[in-house]
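Below is one structure; the comments refer to it alone.
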Amino acid sequence: MKYYIVAGEASGDLHGSNLIKALKQEDAAAEFRFWGGDQMAAEAGPPVKHIEELAFMGFKEVVLNLRTIMRNLRFCKQDILAYKPDVLILIDYPGFNLRLAQFTQKNGIRVCYYISPQVWAWKESRVKKIKRTVGKMLVILPFEEEFYKKHQYEVTFVGHPLVDVVDEFRPDPNFREKNSLTEKPLVALVPGSRKQEISSMLPLMLNAAKEFPAHQFVIAGAPGIRPEFYRQFMEGQDAAIVYGQTYNLFSHASAGCVTSGTATLEAALFKMPEAVCYKGHKLSFWVATKLVKVKYISLVNIIMDKLVVRELIQRDFTLANLRQELDRLLNDDAYRKSMLENYTALQQRLGRGGASAKAAKIIVEWISSD
């Protein structure tokens with residue numbers, strides 16, 4: 001069968017690659033066409049469009065790039081019709097993907113959504129469009145089933161795919177030596193995956209690092225961002241950069257400063273105590289505060305419905321606050337113990353694993369049902 005998959009962000013690329021791998025197991029004759037990144041490409045060849053051309057962050061950035069987004073949308077619609085897939089699989093990325101769902105469903109192509117848009121956080125009105133246009137919704141957060149049930153829409157919780165990713169990962173015992181790292185305890189710095197995020201997050205993270213000379217701070221380099229971009233912020237700093245080794249870094253680090261996003265959940269599943277940080281454009285953040293209805297920004301706290309990891313967001317993302325939180329993460333044993341216990345409870349809520357395999361089985365059975 002023919003599968004057309006659209007992922008527009010780095011996390012979607014990760015989950016999309018695991019889904020493709022699982023679909024190959026379920027359907028030996030599977031053919032793929034997709035929008036995604038390097039991880040999906042490793043499973044299914046070159047993408048139609050790479051996520052580097054698709055990921056626009058924040059309200060201001062979307063407005064500034066609206067012409068490009070609409071051009072991509074028109075091209076994607078034409079490409080789907082030309083490919084004639086048995087199913088369109090959408091992975092998060094709602095502003096783009098929900099428009100695709102509406103168009104594709106009207107043209108008689110089945111639509112499956114894997115990893116629900118966060119309609120429980122904002123734009124709950126989108127549920128009406130989802131009910132009209134999405135034939136099968138597979139969710140990865142435990143509370144999403146109940147949320148959709150409230151709207152009389154049946155969805156299936158398959159578990160979180162990151163549980164498998166983390167369980168299957170084996171840390172490299174020579175990680176330090178291969179990256180010329182010292183024997184000091186490591187602290188991970190994850191300043192985001194886009195240049196605008198890194199420019200906002202990294203300088204303050206590195207300033208805080210100066211207060212902890214007994215530790216080595218290591219930056220998780222993002223794909224597509226050259227070392228020179230990071231080094232402009234690192235002058236006079238005792239810090240290192242590693243690429244393609246974020247999970248090894250999480251496995252070896254004593255603590256971390258992690259920009260809000262999927263990485264905060266990954267860090268928790270690797271049992272790395274963390275501070276969640278974020279500072280965006282003032283206008284984008286102001287608009288978000290008027291629309292978003294959740295108490296927390298980090299997936300860790302959202303899933304647990306309590307403050308497990310401290311969130312240093314916008315005005316709270318200051319040098320004094322970050323230094324204070326790093327000191328607690330590194331030196332307060334009771335604080336670390338409580339956070340790690342909550343991480344264990346978090347993992348239990350996310351399911352027992354096998355999310356990608358479950359999703360693939362459901363999709364293949366669904367499109368084979370006629």
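Index from 1, following the sequence.
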* Asked: So, do Asn72 and Lys49 sit near enough that their side-chain heavy atoms are less than 4.5 Å apart?
  -> yes

* How far apart are the closest heavy atoms of Ser368 and Met1, and which atoms are they? -> OG-CE, 3.3 Å

* Structure fact -> One should read off an interatomic distance between Trp35 CH2 and Leu100 CG, to the nearest 0.5 angstrom, of 7.5 Å

* Structure fact -> Residue pairs passing the ring-ring contact (aromatic ring centres under 6.0 Å, His included) test with at least one member in residues 330-362, sequence neighbours excluded, are none

* Asked: Where the side chain of Asn97 meets the backbone of Asp92, is there a donor-acceptor pair that is under 3.5 Å apart?
  -> yes

* Heavy-atom side-chain proximity of Val127 to Lys131 below 4.5 angstrom -> yes

* Verify, without hydrogens or angle tests, whether Arg336 (side chain) and Leu330 (backbone) share a donor-acceptor contact under 3.5 angstrom. => no

* Would you please name every residue forming a ring-ring contact (aromatic ring centres under 6.0 Å, His included) with Phe233, sequence neighbours left out? => Phe229

* Gln347 and Lys271 side chains, donor-acceptor separation under 3.5 Å -> yes

* Ignoring hydrogens and angles, tell me if any N or O in the side chain of Asp86 forms a donor-acceptor pair with the backbone of Lys2 under 3.5 Å. => yes

* **Parallel, tilted or perpendicular: ring planes of His15 versus His160, cut at 30 and 60 degrees** => perpendicular

* Asked: Which heavy-atom pair separates Ile80 from Leu88 by the least distance, and what is that distance?
  -> CD1-CD1, 3.9 Å

* Specify the closest pair of heavy atoms between Ala222 and Gly192, including all atoms of both residues, with the distance to one decimal. => CB-O, 3.9 Å

* Do any pairs count as a salt bridge (charged side-chain N to carboxylate O under 4.0 Å, His left out) and have a residue in residues 150-160, sequence neighbours left out, and if so which ones? -> Glu124-Lys150

* Check Lys358 against Val158 and note the closest heavy-atom contact, atom names and distance. => CD-O, 3.4 Å

* Asked: From Tyr230 OH over to Ile225 CD1, what is the distance, rounded to the nearest 0.5 angstrom?
  -> 5.5 Å

* **Fellow cluster residues of Leu181, listed by chain then number, with links counted only when side-chain atoms sit under 4.5 Å apart** => Phe175, Leu186, Val218, Val242, Leu249

* Can you name the ring-ring contact (aromatic ring centres under 6.0 Å, His included) partners of Phe169, sequence neighbours left out? -> Tyr247, Phe270

* **Nearest heavy-atom neighbours spanning Asp305 and Lys295** => OD1-NZ, 3.2 Å

* To do: Please check if the side chain of Asn301 supplies one atom and the backbone of Leu307 the other of a donor-acceptor pair under 3.5 Å.
  => no

* Answer yes or no: does atom NZ of Lys84 have more than 12 heavy-atom neighbours from other residues, nucleotides or ligands under 6.0 Å? => no

* To do: Kindly compute the distance separating CD (Glu325) from CG (Asp332), expressed to the nearest 0.5 Å.
  => 9.5 Å

* May I ask you to decide if Ala345's main-chain N or O and Arg349's side chain share a donor-acceptor pair within less than 3.5 Å? => no

* Asked: Rounded to the nearest 0.5 Å, how far does OH of Tyr278 lie from CE of Met201?
  -> 8.5 Å

* Could you tell me whether a side-chain N or O of Thr264 sits under 3.5 Å from a main-chain N or O of Gly261, the two making a donor and an acceptor? => yes

* Asked: Do Tyr153 and Leu141 share a hydrophobic cluster (ILVMFWY, side-chain heavy atoms under 4.5 Å, transitive)?
  -> yes

* With distance as the sole test, does Arg176 use its side chain to make a donor-acceptor pair with the main-chain N or O of Pro173 at under 3.5 Å? -> no

* Asked: Do Met40 and Ile5 come within less than 4.5 Å of each other through their side chains, counting heavy atoms only?
  -> yes

* Asked: Is there a path of hydrophobic side-chain contacts, each under 4.5 Å between heavy atoms of I, L, V, M, F, W or Y residues, that connects Leu319 with Leu189?
  -> no

* **All pairs passing salt bridge (charged side-chain N to carboxylate O under 4.0 Å, His left out) where residues 337-346 contributes a residue, at least two apart** => none

* Structure fact -> Contacts of Ser338 meeting side-chain contact (heavy atoms from CB on, under 4.5 Å) (sequence neighbours excluded), chain-then-number -> Asn342

* side-chain contact (heavy atoms from CB on, under 4.5 Å) assessment of Val300 paired with Met339 -> CA-CA 11 Å; Val300 177; Met339 189 175 292; over 6 Å; no

* Can you tell if the side chain of Arg194 reaches within under 4.5 Å of the side chain of Ser200, non-hydrogen atoms only? -> no

* Please test Phe32 against Leu23 for side-chain contact (heavy atoms from CB on, under 4.5 Å), starting from the C-alpha separation and ending with a verdict. => CA-CA 10 Å; Phe32 298 96; Leu23 284 167; 3.8 Å; yes

* Asked: Are the side chains of Val111 and Thr133 in touch, meaning some heavy atoms are under 4.5 Å apart?
  -> no

* Asked: Less than 4.5 Å apart, any side-chain heavy atom of Leu329 and any of Val187?
  -> no

* Considering only heavy atoms from C-beta outward, does the side chain of Arg310 approach that of Asp316 to under 4.5 Å? -> no

* Asked: What's the shortest heavy-atom distance between Phe96 and Cys76, and which atoms?
  -> CZ-CB, 4.1 Å

* Find the distance between CG (Leu312) and CD1 (Ile297) and round it off to the nearest 0.5 Å. => 11.0 Å

* Can you hop from Phe75 to Ile109 via hydrophobic side chains spaced under 4.5 Å? -> yes

* Structure fact -> salt bridge (charged side-chain N to carboxylate O under 4.0 Å, His left out) pairs touching residues 226-241, sequence neighbours excluded, are Lys184-Asp238, Arg226-Glu228

* Asked: Is the backbone of Trp366 close enough, under 3.5 Å, to the side chain of Arg110 for a donor and an acceptor to pair up by distance?
  -> yes

* Does Ala101 offer a backbone N or O that forms a donor-acceptor pair with the side chain of Gln105 under 3.5 Å? -> no

N/O donor to acceptor pairs below 3.5 angstrom from side-chain atoms of residues 252-260, sequence neighbours left out:
unit_1 : atom_1 : unit_2 : atom_2 : d
His252 : ND1    : Asn248 : O      : 2.8
His252 : NE2    : Asp172 : O      : 3.4
Thr259 : OG1    : Val190 : O      : 2.7

* Return yes if some donor-acceptor pair links the side-chain N/O of Gln216 with the main-chain N/O of Ala240 below 3.5 Å, else return no. => no

* Only pairs at least two apart or in different chains count here, so list each ring-ring contact (aromatic ring centres under 6.0 Å, His included) that has a residue in residues 185-225. => none

* To do: Apply the test side-chain contact (heavy atoms from CB on, under 4.5 Å) to residues Glu9 and Tyr93: give CA-CA distance (whole Å), side-chain angles for both, the deciding distance (0.1 Å), then the verdict.
  => CA-CA 7 Å; Glu9 298 167 316; Tyr93 199 47; 4.3 Å; yes

* Considering only heavy atoms from C-beta outward, does the side chain of Thr104 approach that of Tyr4 to under 4.5 Å? -> no

* To do: Walk me through it: do Phe34 and Ile89 pass the test side-chain contact (heavy atoms from CB on, under 4.5 Å)?
  => CA-CA 9 Å; Phe34 70 95; Ile89 302 173; over 6 Å; no

* To do: May I have all residue pairs that pass salt bridge (charged side-chain N to carboxylate O under 4.0 Å, His left out) and include part of residues 23-40, sequence neighbours excluded?
  => Lys24-Glu43, Arg33-Asp79

* Asked: When rounded to the nearest 0.5 angstrom, what distance separates CG in Leu265 from CD in Glu274?
  -> 8.5 Å

* To do: For Ser116, enumerate each residue passing the side chain to side chain donor-acceptor pair (under 3.5 Å) test, keeping only those at least two apart in sequence or located in another chain.
  => Tyr148

